[in-house]
2 protein chains.
Amino acid sequence: VSEHGRINLIGIGPDGSLHITVAAATAIRQADVVIGYRAYIDQIRARLRGKIVLDRAIGQEIERAEEAIEHACQGRRVALVSGGDAGVYGMAGPLFESLRARGWHPGQPPEVQVIPGVTAAQMAAARLGAPLMHDFATISLSDLLTPWDVIIRRVEAAASADFIIALYNPISQRRVTQLPAAFAAIRQHRGRETPVAFVRDAGRPSESVAIASLAEADQQPADMRTVIIVGNSNTERLGDLLITPRGYFPQRHAR
Amino acid sequence: VSEHGRINLIGIGPDGSLHITVAAATAIRQADVVIGYRAYIDQIRARLRGKIVLDRAIGQEIERAEEAIEHACQGRRVALVSGGDAGVYGMAGPLFESLRARGWHPGQPPEVQVIPGVTAAQMAAARLGAPLMHDFATISLSDLLTPWDVIIRRVEAAASADFIIALYNPISQRRVTQLPAAFAAIRQHRGRETPVAFVRDAGRPSESVAIASLAEADQQPADMRTVIIVGNSNTERLGDLLITPRGYFPQRHAR
């Protein structure tokens with residue numbers, strides 16, 4: 001236990017093993033306390049012997065952030081773990097929001113460092129070859145904390161300006177209308193043959209990949225563990241790959 | 001030398017050392033031939049003893065892809081190296097475009113695998129705390145291969161729908177008007193106090209960070225090694241950090 005505690009916000013990447021960074025693995029090794037959503041903790045369980053491990057249920061992000069602060073204030077080195085990148089829909093936001101609410105300011109204890117990681121969209125893109133090779137927009141379809149009109153406006157804007165689009169949290173058990181609405185909005189701007197990829201559990205043993213045309217995208221199953229990548233007007237399918245040219249050729253898949 | 005050659009498209013992350021993934025480091029170790037832009041090869045030089053190293057000048061992406069294919073067709077294990085993520089403005093596009101032009105199809109030799117890495121925008125975001133915590137758009141301002149009207153339309157769309165915006169390649173020696181034009185477009189939709197971060201050489205010893213308001217962003221120096229992150233209407237500055245809440249509060253920095 002060091003004199004002044006610290007919090008490392010650690011993205012463990014898509015699988016916590018092959019695609020974790022050296023810095024993330026090192027920070028976990030040096031931690032006294034490791035806090036995270038249970039599914040992510042399970043991915044790094046073998047790295048945690050001898051540590052205080054607080055594996056928590058989903059949806060308690062603020063509570064996890066508060067726990068991390070409490071342990072750091074007692075002088076411990078805390079690893080606050082996210083899947084993918086802690087800075088992309090991960091624990092970085094809740095932690096800094098909690099610190100700010102306590103009047104914390106950079107330079108004061110606890111010391112906080114963010115250690116980035118490979119996201120689910122990047123892992124999905126790697127499996128697909130080269131879909132994200134041009135400008136892209138990342139959008140979560142979860143309306144738990146964001147009004148739906150903000151979300152659908154972003155989908156429409158991204159579609160209208162021909163961004164490649166990565167959709168997170170497309171569907172949950174009680175939320176099934178957002179994804180068809182998003183596809184309908186995209187179809188207003190992009191051709192029916194535009195390739196759409198569905199990658200579930202990217203980078204894990206349970207990984208699965210499916211590709212459909214935008215016209216038939218509504219028929220594909222998806223859930224909270226699926227990342228969906230919609231090609232831009234230049235993206236071409238080649239077998240089970242999606243290739244977006246790095247150059248731009250106006251409106252190849254124009255509507 | 002294996003019987004059938006293979007190409008691993010490797011993203012070495014922002015620095016090639018701390019923020020490289022285990023999978024990327026392993027693939028480099030197992031390679032017979034390592035090909036890449038010289039500045040990235042220099043970041044991993046210590047890993048390359050005993051290998052054929054082809055360190056190339058900037059701007060020869062297709063030539064590098066062709067070299068990789070030639071070596072793989074001779075049965076060698078090739079590491080084709082990009083900074084950041086090979087799938088994000090990296091070598092994945094040129095390689096798959098070159099393979100497709102030769103009539104290659106997935107399943108045929110050479111075997112190709114993409115190994116993702118942490119991007120410059122993610123490393124910049126990590127230094128800044130939590131700027132990318134909500135939906136974001138990634139845009140390159142380089143008009144070398146993309147018409148400017150496509151690029152500025154994307155900036156406008158991203159600004160209008162309140163995306164956090166990460167700008168790559170903002171300025172080069174012969175290209176200085178695009179960044180001011182992008183800021184002017186963003187100011188049409190976002191308040192003057194919106195924080196804008198300039199991170200140069202993110203994750204390297206030469207790293208520098210500057211933060212300005214959108215109103216004063218034009219006064220900040222930038223170059224090809226700078227990633228610029230423009231907050232959304234909810235992003236707040238706290239010292240040298242940018243914090244975007246994970247929840248969404250309509251129009252906090254509205255224009």
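Just so it is clear, the model here is predicted, and its values are computed rather than measured. Values below: all heavy atoms of this structure, side chains included; hydrogens, waters and symmetry mates excluded. Naming convention: chains lettered A, B, ... in sequence-line order (proteins, then strands); numbering from 1 in each chain.
In this structure, A:Arg154 forms a cation-pi arrangement with B:Tyr248, its terminal cationic atom sitting closer than 6.0 Å to the ring centre and no more than 45° off the ring axis.
Nearest heavy atoms, B:Pro106 versus A:Leu238: CG-O, 3.3 Å. Closest heavy-atom contact between A:Gly90 and B:Met133: O-CE, 3.0 Å. Closest non-hydrogen pair, B:Gly129 versus A:Ala92, comes out as O-CB, 3.9 Å. Annotation for A:Arg153 and B:Ala161: closest pair NH1-CA, 3.6 Å, computed over non-hydrogen atoms. The nearest pair of heavy atoms linking B:Ala126 to A:Pro116 is CB-CD, 3.8 Å.
With a 4.5 Å cut-off on non-hydrogen atoms, B:Gln113 touches chain A through its side chain but not through its backbone. With a 4.5 Å cut-off on non-hydrogen atoms, A:Glu61 touches chain B through its side chain but not through its backbone. Using a 4.5 Å cut-off between heavy atoms, A:Ala25 does not touch chain B at all. Contact annotation for B:Thr26: neither backbone nor side-chain heavy atoms come within less than 4.5 Å of a heavy atom of chain A.
One finds the OH atom of A:Tyr89 at 7.0 Å from the NE2 atom of B:His134 (value rounded to the nearest 0.5 Å). From B:Phe96, atom CZ reaches atom OG1 of A:Thr244 across 11.5 Å, with rounding to the nearest 0.5 Å. With rounding to the nearest 0.5 angstrom, the OG1 atom of B:Thr138 is 3.5 Å from the CZ atom of A:Phe136. The structure places CD1 of A:Ile115 at 8.5 Å from CG of B:Leu18, a figure rounded to the nearest 0.5 Å. With values rounded to the nearest 0.5 angstrom, A:Leu99 atom CG is found 8.0 Å from B:Ile243 atom CD1.
Per-residue counts of heavy-atom pairs under 4.5 Å with chain B were compared for A:His19, A:Arg127, A:Glu156; the largest is that of A:His19. For the set A:Pro131, A:Ala158, A:Gly117, the entry with the most heavy-atom pairs within less than 4.5 Å of chain B is A:Gly117. The most heavy-atom pairs under 4.5 Å with chain A, out of B:Ala86, B:Gly203, B:Ala157, come from B:Ala157. If you tally non-hydrogen atom pairs under 4.5 Å between each of A:Leu128, A:Asp85, A:Leu95 and chain B, the highest count goes to A:Asp85. The choice from A:Gly239, A:Gly87, A:Ser160, A:Pro14 that makes the most heavy-atom pairs within less than 4.5 Å of chain B is A:Gly87.
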Check against side-chain contact (heavy atoms from CB on, under 4.5 Å), A:Val22 and B:Ser17: CA-CA 8 Å; A:Val22 171; B:Ser17 58; over 6 Å; no
From CA spacing to verdict: side-chain contact (heavy atoms from CB on, under 4.5 Å), B:Phe163, A:Ile139: CA-CA 9 Å; B:Phe163 282 97; A:Ile139 305 172; 3.7 Å; yes
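The 12-atom threshold is not exceeded at CD of A:Glu111, counting heavy atoms of other residues, nucleotides or ligands nearer than 6.0 Å.
Counting heavy atoms from C-beta on, the side chains of B:Thr146 and A:Arg246 never come closer than 4.5 Å. Inter-residue side-chain proximity for A:Val118 and B:Gln122 is flagged as unmet; no heavy-atom pair is nearer than 4.5 Å.
A donor-acceptor pair under 3.5 Å links the side-chain atoms of A:Asp135 to the main chain of B:Ser140, judged by distance alone.
Ion pairing between A:Arg100 and B:Glu236 fails under the 4.0 Å rule for side-chain N and carboxylate O.
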